[in-house]
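Just below is one structure, and these are the notes that go with it.
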Amino acid sequence: MSEPVLELDDVRVVFKRGRGHTVTAMDGISFRIAAGETLGLVGESGSGKTTTGAVALGLRRPTSGTVRFLGAAQGRRRPRGARAGAVQAVLQNPHWSLNPRLAVADSVAEPLAAVEAGRLRTHHPAALRILDQVGLPASFAQRLPHELSGGQRQRVAIARALITRPSFIVFDEAVSALDVSVQAHILNLIHDLQTEHRFAALFISHDLAAVRYLAHRVAVMRTGQIVELADAHRFYTAPRHPYSRQLLETL
Amino acid sequence: MTVGTPPLLVIDDVVTEYRTATRVVRALDGASLTAGRGETVGIVGESGSGKSTLGLLTGRLLPSGTRCPRGRVLVDGESVLDLPPDRLARLRRERLAFVPQDPIGALDPTLRIGRQLRLALRDTPADLAALLEQVRIRDPEHVLRLYPHQISGGMAQRVAVAMAMARKPALLIADEPTAALDSQVREEVLRLLFTLAAENGTTVLWLSHDLGGVARWCARIAVMYGGRVVEDGTTAEVLSAPQHPYTGALLAADPARAKGGTRLLTIGGTPPVLSDDPQGCVFAPRCDSAGEDCPAVRPAPRTVAGRTVLCHHPGGTPETVPARKESAR
Amino acid sequence: MKATAVRVRRALAMRSGDGLLRGAVWVLLALVLATLVGQLTGAGGRPDAIVGPRLQPPGSGWLLGTDNLGRSLLPRLLQGIGTTLLLSTLAVACTAVISTALGVVAGYRGGRTAELILRIGDVLYSFPAIVLAVLVAAVLGPGRTTALAAIVLVTVPLMTRMVGVAARAVARREFVTAARISGVSAPTIMLRHILPNVAGTVAVQGTYALSVGILVEGGLSFLGYGVQLPDASLGLLIQEGGLYMVGAPWLIVAPGVVLVAAIMAINLVGDSLRDRFEPRETRSLV
Amino acid sequence: MRRSAIIVGCSVALSAAVTSCSAPAATDTAAGQKAPKSGYLATSDASFKGSGPLTVQLDYDTVEAGGLDPQTAATARSWSIESLVYEPLVTIGPKFEVEPLLASSWKQPSATEYVFTLRKGVKFGNGRALTTADVVGSLQRLLKSKAAYAAQLGPVKSVTASGPDQVTVRLTKAYTPFLAALANTPAAILPMKEIDDGSLDIKKEMLGTGPFVVKDHKQDQYWNFTRNTSYRDAENVRISDLKIEIVPQEAARLAALRNGSAAFVNFNNIDSMDQLTGTRDAEAVSQTNSDFYYLIQNSKNPDSPLADQKVRFALNSALNRKEIASVALGGQGRPTGVTPSVLPGACDPAKLPAATARSADPAALKKAGTLRLAVYTSEPAVGQIAQVIQQQLAKAGVTVKIEKYDDTTFNSKVFGAKPDFDLAIGWFAGYVDASMVSRWWNPVQAGFSSTFLNDDKTLDALIDDAGSEPAGADRTKTLAELCARVDSGAQMLPLVTRPSVVGYRTDRVSPTLRAAEGYGNILRDIAHYTLPDAK
Amino acid sequence: MDHIRWLLGRVATAALTMFGVSVLIFAAVRAMPGSYTELVLGPLATQAEKASAAARFGLDRPVVEQYWHWLSNAATGDFGTSLVTRAPVAAEFGDRLPVTVTLTALALALTVLIGIPLGVYTGTRDSGGRGGVLGRLVSAFGMSLPEFALGSLVVFLFTRYRLGLTVGNYVPWSQDPLGSIGSLFLPACVLAVFCVAATARTTRDAVLGVLVEPHIAAAVARGEPKGFIVRHHVLRNASVPVLTLVATLSAYLLGGAVIVERLFNVPGLGSYVVDGLDRRDYAVIQAGVLLAAVVFIAANLLVDLVSGLIDPRISVLAKGAGS
């Protein structure tokens with residue numbers, strides 16, 4: 001097993017809601033994700049899976065426990081220097097995933113411009129290349145988000161995440177707002193891109209079917225704890241934890 | 001469909017168009033559907049297929065900018081499209097009921113749950129606490145005093161179901177009632193909805209994209225594409241042996257049904273956006289078993305293997321499924 | 001950025017259907033044109049030149065008659081329109097820049113910075129408008145810059161609050177989170193993502209601030225703190241005309257009608273801009 | 001400067017000198033009224049028998065550092081309100097001749113000695129009879145106080161009671177305006193007994209021998225007076241309750257006069273007169289005043305072009321006082337020299353050096369460059385004069401930038417310790433004797449003008465001579481020299497006289513209004529007003 | 001419990017704002033050129049007299065000392081004495097407050113009785129979107145009439161022609177309450193024109209906003225009659241923005257409508273404070289501005305409280321926003 005891309009070791013996150021009333025979103029979460037591997041993270045809303053995603057992305061510092069990315073402990077909130085652009089995300093709501101005032105090419109080029117400086121225009125060629133990889137012809141480059149369908153917008157979001165050749169991507173409910181047929185396209189796309197780019201992926205979803213299609217390993221979260229972490233095939237055929245069985249029943 | 005008694009709902013060849021400032025969008029392009037008393041019909045289709053418009057049509061709840069140039073809609077014999085406003089309101093009050101997609105949004109944020117229920121059920125005497133217990137809400141007295149933003153989605157949907165069923169409607173229309181809910185809660189709400197409907201003999205129209213759910217709960221399934229009902233028959237038969245190519249493609253694309261390791265079969269192209277009478281079958285450009293007549297001639301409904309299908313070459317089998325390249329660990 | 005320009009141009013293209021908006025824009029254009037022609041070609045003579053007997057009714061050699069010093073009212077009115085519109089537009093431009101900067105920072109940063117900015121805004125906003133304006137005029141001495149400063153101080157608090165709310169809503173969107181994740185710097189996020197998406201609110205609030213600006217300038221002139229003699233602003237003309245309502249009603253009617261038309265046109269443009277930038281679906285079933 | 005113009009004496013005007021005004025003055029007698037006696041714009045109709053309340057509206061209230069003490073009162077408004085309660089020894093007739101009041105008669109044995117005989121049966125508001133001690137005490141208190149008015153009484157050596165009802169005043173040297181100076185409210189006779197025994201706080205209450213007594217007063221809102229029952233001529237005072245309302249807004253006062261809620265109103269905009277056309281029973285008249293507007297040229301600032309007398313005189317010659325009077329004041333004002341033109345012996349403004357100079361010296365004008373002209377907001381006429389002057393100087397190639405400040409800022413910029421202005425416009429009271437106002441042109445004596453006037457010894461000498469020479473041909477010659485000197489020095493230039501417009505309801509009151517007024521006292525003969533019988 | 005804690009938080013910030021206002025007004029007032037001594041002594045007083053008068057009025061002490069002296073007294077309700085009337089400022093405010101309060105009450109009554117029904121009517125009548133060209137024209141016109149122009153016109157009309165009401169003679173409340181309202185009716189109307197137009201527009205917008213809410217669609221689906229929906233659901237949901245506007249307007253009116261008070265010769269707070277500004281009567285200005293600030297903040301607090309009761313989400317949001 002090569003060096004894990006991302007490693008969470010006994011991570012806890014506690015929120016203060018009003019005086020004296022605290023909520024534990026993550027209660028001792030530990031897992032590893034290797035390059036080219038996808039960990040599916042499933043659970044009901046309020047199970048803490050979104051907070052886990054935020055901690056993995058470095059958006060939120062854990063109350064305790066360590067988060068190691070490519071071996072180095074992740075200190076500050078905003079990735080700096082070499083590791084900037086190594087971590088990317090594809091988030092849920094296609095309607096707001098892109099800046100309505102920016103053309104597609106600019107949105108996709110932005111992460112590269114943040115890493116390698118320079119104006120957005122200079123990175124358009126790279127943007128066009130990556131757009132082609134997600135199945136969008138060059139003619140989409142100058143379009144505005146309101147001219148695209150939900151599926152096309154999610155493709156642009158994926159292209160934006162890939163342009164800096166990240167070693168780790170978080171998919172937070174990336175397909176749950178899409179129609180079944182469009183969802184199929186996106187799932188196939190993610191699968192093919194991972195084979196080619198070999199990034200590590202954390203696929204967060206409440207849709208067990210979609211997770212089964214992509215994940216190599218599956219973690220089930222409930223009220224801030226991982227109740228089961230297993231290889232995907234074994235998990236879907238013989239789930240051990242009763243809560244996992246309950247979830248699979250509805251599939 | 002119980003033969004003999006006249007069907008509760010008749011939607012016959014209805015065309016509905018939305019008029020926006022810049023262009024006209026045709027949501028329904030000659031949709032037809034009938035449902036008898038007590039039937040449970042699942043209407044499946046992707047966004048842009050017109051299923052939501054069909055749901056709203058039955059209660060004539062389409063926004064002001066829409067027109068229905070063709071077709072009839074009969075609920076319990078009354079032609080919904082021509083009813084004067086007061087009789088339409090009475091129809092909605094006495095015969096119809098709706099379960100909303102966003103349960104919390106459908107409740108008035110400034111009123112307590114109890115007050116809203118009393119207002120809605122002011123002419124049907126009902127013990128509110130008993131009503132909530134019927135939909136298995138623990139501690140109903142407490143819930144009645146809460147505001148909508150203080151309760152979970154699941155609980156709000158149960159209140160909505162209770163509110164709807166308390167009026168003993170003849171027809172219940174539920175447009176994606178469980179889209180926003182988690183899997184467990186989703187099952188409970190569905191179980192409640194269908195058992196109460198069955199007890200009351202209410203016909204249920206469930207608009208959904210959850211094929212599995214429809215399979216479990218609905219006796220009949222209608223698949224919609226491009227503003228028309230392309231396949232309409234008993235659920236088990238349709239899902240096991242789909243006659244219309246789109247139904248087949250839809251089933252193949254569903255990850256829940258894909259066997260481990262097989263690649264999802266995707267449908268090429270994008271869903272159509274109609275603005276006037278289309279030539280031929282709108283699915284033709286994306287259909288694998290399309291012949292030359294498909295793009296030219298508009299398919300008429302025909303009965304094949306006990307169901308009605310809108311296709312010139314029904315029964316085509318989806319192409320073989322290529323093995324999936326495994327990514328090296 | 002080109003796409004943004006296309007987007008903005010298209011947004012501002014006057015929707016043909018909206019008659020009110022077209023009418024309002026025509027009124028404003030007519031006023032601006034009239035004052036430009038008046039100032040440049042000196043039509044109707046120099047505004048402060050004493051040309052004839054006092055208080056002559058319109059038409060007798062002077063289109064709009066003469067005022068209490070025997071000056072022709074027409075050039076003074078044209079100068080008045082120019083002063084009032086130019087002054088208020090300039091002031092509101094400053095307000096827009098200040099409020100947008102403060103609003104975007106407050107909206108994006110949130111927390112203590114937002115609290116501080118809003119607190120300062122509250123301090124200014126709790127001053128009664130006219131008292132604040134008179135205070136500024138007294139401290140800085142009457143004149144154009146003072147009127148400008150007064151308008152800015154009166155309109156900045158509300159506009160900052162409005163832009164702040166809009167910016168806060170945009171800051172919560174996914175594309176801003178995505179930009180933060182990919183390491184885009186805060187100023188760039190504010191300029192590239194937050195600012196263009198609050199442009200609508202800025203335009204709408206800017207127009208309303210403009211009509212408030214004109215009212216404040218008028219109020220200041222009415223209390224004697226406005227523009228310096230012998231220049232004229234609409235407020236000053238109305239104040240001077242107020243004394244001669246019986247003997248020379250045209251002295252107050254002409255500037256009054258022009259002032260009301262200008263403010264009304266601006267309010268209507270504001271309403272239309274708000275329709276365009278904060279469209280509300282027309283799905284009401286009632 | 002509505003509140004802060006000082007009045008130090010009063011002048012005698014020949015009513016014949018009142019030119020008819022071009023604006024449609026409403027002095028044409030209303031049908032039912034008798035023609036007014038000469039020297040009056042209107043006289044009370046004796047046939048009216050009515051008595052009762054009267055409502056007067058004025059544009060601002062008295063506000064003095066010294067409260068209601070008449071001796072330290074500095075503004076015309078204070079004097080007119082306080083003249084309802086306090087009376088001086090002598091008063092001014094319609095043609096500005098000195099008439100007896102508390103002193104029934106007086107003799108002038110020599111140029112420096114005056115002997116007054118007190119009138120019988122005069123009582124103060126509290127019923128106490130007037131005594132010579134009151135007279136002597138009042139005049140001595142005035143002379144001792146540092147009040148500005150004290151200087152106007154001239155060089156008084158002693159005030160003594162020279163008999164049971166006689167008081168003698170001796171001066172160190174002849175001072176012609178003495179009697180005229182005595183005929184004003186600051187020189188009124190105070191109840192010295194009550195003041196000395198402390199039972200009266202002269203700053204807060206008023207107790208005098210006049211026709212009215214104060215009932216109550218709310219600063220800047222209203223005064224309520226009632227008839228003084230112990231007044232010597234009480235039965236002829238028809239007004240039982242006099243209410244004075246303070247209404248700053250001109251339009252509001254105009255409205256009150258139109259709808260009858262006020263019977264007698266003052267205006268400071270000349271055109272208010274023709275705003276009343278078409279309103280039945282409403283009359284507006286314009287009194288000619290000895291007060292006049294002046295233009296200060298700040299000559300004390302070394303690096304300002306105005307330090308050069310030739311530049312100042314050139315600017316003076318570029319002015320056209322007639323046009324200022326006809327345009328800015330609607331013809332109601334008249335050009336004047338430093339001796340108010342309505343006063344006897346006053347110099348003729350047309351003969352002044354600047355007026356007779358053929359044209360202004362172009363070289364000097366070019367040196368003037370751009371000048372700042374400071375004015376204040378509370379009086380519209382000042383702004384209008386400024387704009388007319390701006391036009392006239394523009395024709396002469398001098399650009400003038402008008403800076404309009406609120407009253408307080410104007411005071412600090414023009415009369416502050418460090419003056420910050422080039423030109424400024426204000427107005428002085430003209431008093432009754434032609435020479436009295438010229439006192440302010442001597443910076444040493446005046447004190448306040450030392451910050452912007454250079455002392456001119458010959459001018460100071462002329463001021464003293466004019467003050468001491470008895471009325472007559474050679475005094476008129478001295479006054480003419482005085483005017484010419486002021487005009488050529490051109491540091492503080494008198495411009496035009498300041499009109500005072502008053503409006504009244506003919507169906508509510510029949511007033512006695514003088515054609516010319518020396519002390520700016522709008523309420524001068526209010527005790528003689530008659531009221532029509534209640535309909 | 002949270003509600004009280006949230007309220008305490010708001011009161012604390014209000015106190016902070018008040019402190020900011022007091023410092024700003026104290027400094028600004030002294031930055032104005034000239035002082036009361038120059039005004040009252042007139043131009044002809046010598047510099048020596050002015051200096052002694054300044055000492056008498058206590059204007060010569062260092063600013064910080066004056067501020068502290070004034071603030072500590074203000075805390076106990078003594079806002080210092082007016083230089084002009086030599087009387088305590090609080091007394092004068094006491095006399096003038098009922099005038100401004102009556103004027104504000106009348107204007108607000110007109111605003112609520114006409115503005116809100118007009119807004120609801122135009123909001124619910126034209127179907128959806130922002131139709132109702134007439135509605136927009138009327139409210140745009142109402143909001144574009146400056147007080148000084150409209151006021152001058154009304155004064156002119158009601159004096160030139162006999163139209164029943166007289167202008168300018170204010171009848172004190174103590175003398176004759178009905179007469180007092182009569183004398184304040186015209187100025188109240190002039191003030192109300194802007195307020196009615198603004199309220200009508202805000203109400204119409206709020207109503208239109210609510211009509212597209214999902215819970216209204218659900219109510220329609222239940223076959224509820226239109227009147228029922230408006231009465232029970234639309235009004236409540238639309239009331240928060242309207243309440244906020246009315247609070248701001250009342251703070252504006254109580255702050256003193258200077259121009260209308262001057263035109264109609266109403267002895268209200270606004271003209272008194274601006275006169276104070278003219279005459280550099282520091283105590284009057286400071287007290288006037290503080291009073292206006294208190295009224296503004298109190299109005300906002302009241303609105304937050306009431307809107308928290310009407311729409312429970314708001315107090316949650318407010319608390320949420322704070323974290």
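Chain naming here is simple, since letters A, B, ... match the order of the sequence lines and numbering starts at 1 in each.
A pairwise comparison of heavy atoms in E:P312 and B:H149 identifies CB-CE1, 3.5 Å as the closest pair. Among all heavy-atom pairs drawn from B:E133 and B:P140, the shortest one is OE2-CG, 3.5 Å.
With a 4.5 Å cut-off on non-hydrogen atoms, B:R60 does not touch chain E at all. Both the backbone and the side chain of B:A120 come within contact range of chain E, each with at least one heavy atom under 4.5 Å from a heavy atom of that chain. Both the backbone and the side chain of B:L119 come within less than 4.5 Å of a heavy atom in chain E. Of the atoms belonging to B:P109, heavy atoms from both backbone and side chain fall under 4.5 Å from chain E.
At distances below 3.5 Å, at least one donor-acceptor pair connects side-chain atoms of B:Q150 with backbone N or O atoms of B:Y147.
Every residue two or more places apart in sequence or in another chain was checked for a salt bridge (charged side-chain N to carboxylate O under 4.0 Å, His left out) with E:R236, and none qualifies. In this structure, the salt bridge (charged side-chain N to carboxylate O under 4.0 Å, His left out) partners of B:E94, at least two apart in sequence or on a different chain, are B:R90.
Across B:R115, B:R122, B:Q101, the residue that shares the most heavy-atom pairs under 4.5 angstrom with chain E is B:R122.
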